[in-house]
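Down below is the structure, laid out as structure tokens.
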Amino acid sequence: MRPRSDRDDDQPVLLTDEENKELDRRLSGPAVLGKLTRLAPPARHAVAQVVRVVRESERPKQAGKGGIRFALDVVQGVESLAKRAWDASTMGVYRRQIRAAEAVGNQELLAEWTERKEAAAERRHDRLKDLPGVLGGIARVIVGGLFGLVFMVLLVALFVQLSDTGQFTAVLGGFMNAVRWVFTAIAFAWTPFVMMLPGIVVLAAWREGRRRGHRPGWLQTSAEADLDVTIDETTIARALSALRIPQITAYLKEGFPLQFITPARVDGRGTHAVVRLPAGVTAETIARKRAQLATGLHRLAKEVWPTTGSEAGILDLWVADKGALAEGAGAYPLLHDGLVDVFKGVPAGRTLRGEPLTAPVMERNTITGGMPGQGKSASARVLMIGAALDPTAELRIWVPDTNFDFEVFRPRCSRYVMGAEDEKVEQIRDHLVELHAEVQARGELLLKYETPAVTRDLANRDVGLHPLFCLLEEAHVAIQHSEFGKEISQLLVNIVKLGRKRGIHMIVSTQAPTKDSMPRDVTRNCSNGVAFAVGDHHANDALLGQGAYAAGHRATELIPGTDRGTAVVKGFTGERSEILQWYFLDVARENDQVTPLIERSLVAVRDRGALPGGEAPQREIEARRDLLEDLDEVLGSEPVYAADVPALLKRLAPGWVPYQRLNGKALREELAELGVKVPSTGNRWPVDPVTIRDVLAKRATADLDADD
């Protein structure tokens with residue numbers, strides 16, 4: 001029976017069974033909705049009441065399903081707990097792994113698991129053997145404690161009696177009352193605990209069943225769609241089985257468990273496991289089915305990272321916790337104070353595990369790329385601000401485009417070009433020619449100091465081997481320039497090949513590195529690769545190395561917009577790749593986070609001395625300089641080796657381009673033209689200030705005679 005409505009008073013009445021059937025027949029059919037719209041208001045209200053009551057009649061069914069789900073979870077939880085207890089008591093894990101190793105004929109793994117089982121059995125035997133002694137020790141401590149307590153009470157009672165402050169029996173009575181109160185309190189607390197114990201056991205079993213059990217589809221509800229699953233050996237095995245790879249399916253059907261070299265365990269913001277796959281299956285095969293594997297683990301594809309372990313058949317799997325990417329990297333760690341030592345790296349961001357990651361920069365080159373707006377310029381900004389916070393580092397930035405991304409760096413740079421005009425690109429070319437000459441000059445300095453690479457000690461000595469960080473933003477624009485592109489491309493190749501050991505770190509930023517937009521010798525010689533969301537595997541491999549896509553290191557699975565600021569990086573750690581959430585530093589006028597950092601770096605530079613590489617580029621460059629007069633100013637009273645003199649001249653006149661290209665050999669040649677012969681003393685070529693000043697004095701005398 002269900003209510004019906006009378007049109008006169010709009011009051012619900014009960015329908016007979018025949019009327020129920022007739023109403024069901026009339027309410028079914030595609031035209032009923034259109035008819036309802038034409039009914040008078042009371043009639044529409046009546047039908048709405050009927051539909052509401054029909055829907056409410058489903059509640060008993062849903063309640064019944066809820067009860068069945070709860071009971072099933074409890075039963076499966078008890079079963080799971082019992083299996084785990086049985087495994088713990090009988091070493092089931094070891095036995096299964098031993099059977100699996102025997103099945104595949106892996107004698108090395110068989111011996112390893114057998115040894116583990118024997119060691120575990122021996123440890124258990126030792127614990128059982130020591131148990132009587134442990135229990136005896138506990139009993140002795142308890143008995144000794146009781147005797148000590150009784151003795152203390154008697155002593156206190158005797159003291160009270162002798163001091164005439166109380167009675168001996170009163171102290172004993174008080175002690176007995178305290179003991180009685182303790183036992184009463186324990187009994188009082190024990191009773192509700194015993195009463196609640198069955199409920200606690202049921203809840204524990206229900207929780208275990210929810211985590212490890214499996215419900216049939218007809219018992220699942222839409223509200224459970226967002227529930228997380230525990231990533232453990234069972235979940236991973238099910239996900240791998242669901243990939244329908246014949247070798248895995250046959251292996252599991254025979255009853256052999258997968259061999260977990262490293263069992264699933266919490267690792268930062270996720271779970272890590274290492275699995276030996278059945279014969280004939282490679283980790284690369286699993287990596288190619290990453291999206292399907294993610295569905296079996298109830299994760300997004302970007303939250304599952306299957307890679308190749310120490311062998312082709314070993315799967316190294318890391319699964320992020322749900323929503324780990326949404327947490328972001330957090331604030332830049334040096335936002336309020338602190339400096340950087342670039343020889344130890346610069347702050348970059350956080351891994352999915354939640355661990356801060358420092359990017360190594362010395363003896364490295366970096367290429368960063370991705371679709372527009374995904375964070376490549378922001379990542380370059382983070383690397384350059386880290387370099388700026390080292391007072392010994394020099395910065396040079398070239399932007400063959402018109403944008404504001406790096407304008408706030410201008411006061412800290414010794415070279416800065418921004419603009420897409422032909423003359424700006426030509427200026428970039430000239431600066432790269434200058435940088436290439438400096439690469440050669442630094443090579444001579446390394447020979448002089450007899451060291452294969454720049455060290456912190458040499459960088460601190462201001463001998464021309466300070467860290468030099470160069471950024472070519474939107475590099476494809478400069479490389480593809482019709483007039484200067486070819487020369488810029490060749491200069492980049494030479495610099496990245498030779499500059500890294502000489503303290504020069506080149507950062508190349510581009511949207512999509514192709515054979516036309518980026519020389520292959522540049523991508524091959526950039527040991528640091530940063531790949532934001534890219535469109536295809538060609539760009540992916542250009543940024544992360546040949547074969548990265550096939551091995552599962554894929555920036556193609558990052559979603560543009562959603563994963564903005566997240567990149568796959570290579571060369572930052574000992575892993576083949578990491579997924580990194582970069583720190584973000586805003587340069588917008590209303591929230592400028594970089595300018596305070598630049599000001600802090602300039603204070604550190606002033607405290608230390610001159611800006612490495614010269615003053616800011618916006619100064620006026622001298623039209624002409626006299627080499628002999630400048631040498632008179634920079635040289636003291638003792639001879640200085642020719643290879644060391646160019647650094648002194650650069651510090652004196654950082655805007656004078658000829659000094660920036662000067663090296664020891666070129667200096668000797670110029671001095672010879674001016675009448676100053678530099679002798680070869682032990683192949684060191686010392687420049688004697690006395691000789692320089694004699695030549696200046698002779699020239700001054702000649703000028704006076706000419707005037708007379």
Side-chain angles (χ1 to χ4, degrees), residues 340 342 346 348 359 361 364-369 375-421 423-436 438-439 466-479 481 484 488 491-492 495-496 499 503-511 522 526 528 530 582 585-588 592-595 597-602 605 611-619 621 654-655 657 660:
V340 169
V342 294
V346 300
V361 289
R364 304 289 187 102
N365 293 295
T366 299
I367 183 168
T368 175
K376 66 180 185 302
S377 297
S379 67
R381 197 154 57 228
V382 168
L383 293 176
M384 292 301 284
I385 198 63
L389 289 171
D390 187 328
T392 66
E394 177 186 355
L395 273 61
R396 302 181 186 182
I397 296 178
W398 306 293
V399 186
D401 190 13
T402 305
N403 63 51
F404 189 70
D405 285 342
F406 295 92
E407 275 294 294
V408 291
F409 283 84
R410 186 185 288 267
R412 182 64 173 84
C413 295
S414 62
R415 306 288 182 276
Y416 184 88
V417 177
M418 189 270 289
E421 300 84 357
E423 56 269 23
K424 296 292 185 180
V425 178
E426 182 180 11
Q427 191 175 357
I428 292 173
R429 188 277 314 271
D430 292 342
H431 285 180
L432 289 175
V433 169
E434 174 188 345
L435 179 60
H436 185 260
E438 184 162 351
V439 169
H466 56 276
L468 174 54
F469 288 81
C470 304
L471 167 64
L472 181 57
E473 174 72 0
E474 304 293 354
H476 53 280
V477 176
I479 291 171
H481 191 271
F484 306 109
I488 289 175
L491 286 167
L492 280 176
I495 291 168
V496 298
I504 299 174
H505 183 102
M506 175 64 72
I507 303 173
V508 182
S509 174
T510 183
Q511 290 182 2
V522 171
C526 287
N528 290 353
V530 182
W582 284 82
L585 291 169
D586 200 353
V587 292
D592 185 358
Q593 297 175 299
V594 177
T595 296
L597 299 176
I598 293 295
E599 292 173 351
R600 186 195 310 161
S601 73
L602 290 173
V605 168
L611 186 70
E615 298 299 329
Q618 53 265 47
R619 71 208 177 291
I621 297 177
V657 174
Q660 301 302 322

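Index from 1, following the sequence.
A donor-acceptor contact closer than 3.5 angstrom is absent between the side chains of Thr510 and Glu474. His466 and Thr392 are not linked by any side-chain donor-acceptor pair at a separation below 3.5 angstrom, with hydrogens and angles left out of the test. No side-chain donor-acceptor contact under 3.5 Å links Thr368 and Ser509.
For the pair Leu435/Trp398, a side-chain contact is recorded, criterion being any heavy-atom separation below 4.5 Å from C-beta on. In this structure, the side chains of Val587 and Val594 come closer than 4.5 Å at one or more pairs of heavy atoms. For the pair Leu491 and Val433, the minimum side-chain heavy-atom distance is below 4.5 Å. The closest side-chain heavy-atom distance from His476 to Gln511 is below 4.5 Å.
With rounding to the nearest 0.5 Å, the separation of CD1 in Ile495 from NE2 in His505 is 13.0 Å. Taken to the nearest 0.5 Å, the OG atom of Ser379 stands 11.5 Å off from the CG atom of Leu585. Note that the CD1 atom of Ile397 and the CZ atom of Arg381 stand 10.5 Å from one another [nearest 0.5 Å]. In this structure, the separation between CZ on Arg429 and CD on Glu434 is 12.5 Å, given to the nearest 0.5 Å. Put simply, OG1 on Thr366 and CG on Leu471 are 10.0 Å apart, with the number rounded to the nearest 0.5 Å. Within the model, atoms CG of Leu602 and CG of Leu597 stand 11.0 Å from one another, a figure rounded to the nearest 0.5 Å.
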Ile507/Asn528 under side-chain contact (heavy atoms from CB on, under 4.5 Å): CA gap, chis, key distance, verdict: CA-CA 9 Å; Ile507 303 173; Asn528 290 353; over 6 Å; no
Worked verdict on Ile488 versus His481 for side-chain contact (heavy atoms from CB on, under 4.5 Å): CA-CA 9 Å; Ile488 289 175; His481 191 271; 5.6 Å; no
Trace of the side-chain contact (heavy atoms from CB on, under 4.5 Å) decision for Leu468 with Ile504: CA-CA 5 Å; Leu468 174 54; Ile504 299 174; 4.0 Å; yes
Worked verdict on Met506 versus Leu492 for side-chain contact (heavy atoms from CB on, under 4.5 Å): CA-CA 9 Å; Met506 175 64 72; Leu492 280 176; 4.0 Å; yes
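Counting all heavy atoms, side chain and backbone alike, Ile428 lies closest to Pro400 at CD1-CB, 3.9 Å. Ala388 and Ile598 make their closest contact through CB-CD1, 4.3 Å (heavy atoms, listed as atom of the first residue, atom of the second, distance). Of all heavy-atom pairs between Ala387 and Ala393, the closest is O-CB, 3.4 Å. Here the closest heavy-atom approach between residue Thr402 and residue Gly419 is recorded as OG1-CA, 4.2 Å. Residues Gln427 and Val417 share a closest heavy-atom pair of CD-CG2, 3.7 Å. Ala420 and Val425 get closest at one heavy-atom pair: O-CG2, 4.3 Å.
Taking the charged nitrogens against the carboxylate oxygens, Arg396 and Glu438 do have a contact shorter than 4.0 Å, which makes a salt bridge. Residues Lys376 and Glu473 are not paired through a salt bridge, judged by the lack of any N-O separation under 4.0 Å between the basic side chain and the carboxylate.
Using modelled atom types, one side-chain atom of Asp586 and one backbone atom of Ala588 make a donor-acceptor pair closer than 3.5 Å.
Tested against Tyr416, the residues Arg410, Glu407, His431 include a single side-chain hydrogen bond (donor to acceptor under 3.5 Å, both in side chains) partner, Glu407.
Note: Phe406 and Phe409 have tilted aromatic rings, judged against thresholds of 30 and 60 degrees for the angle between ring planes.
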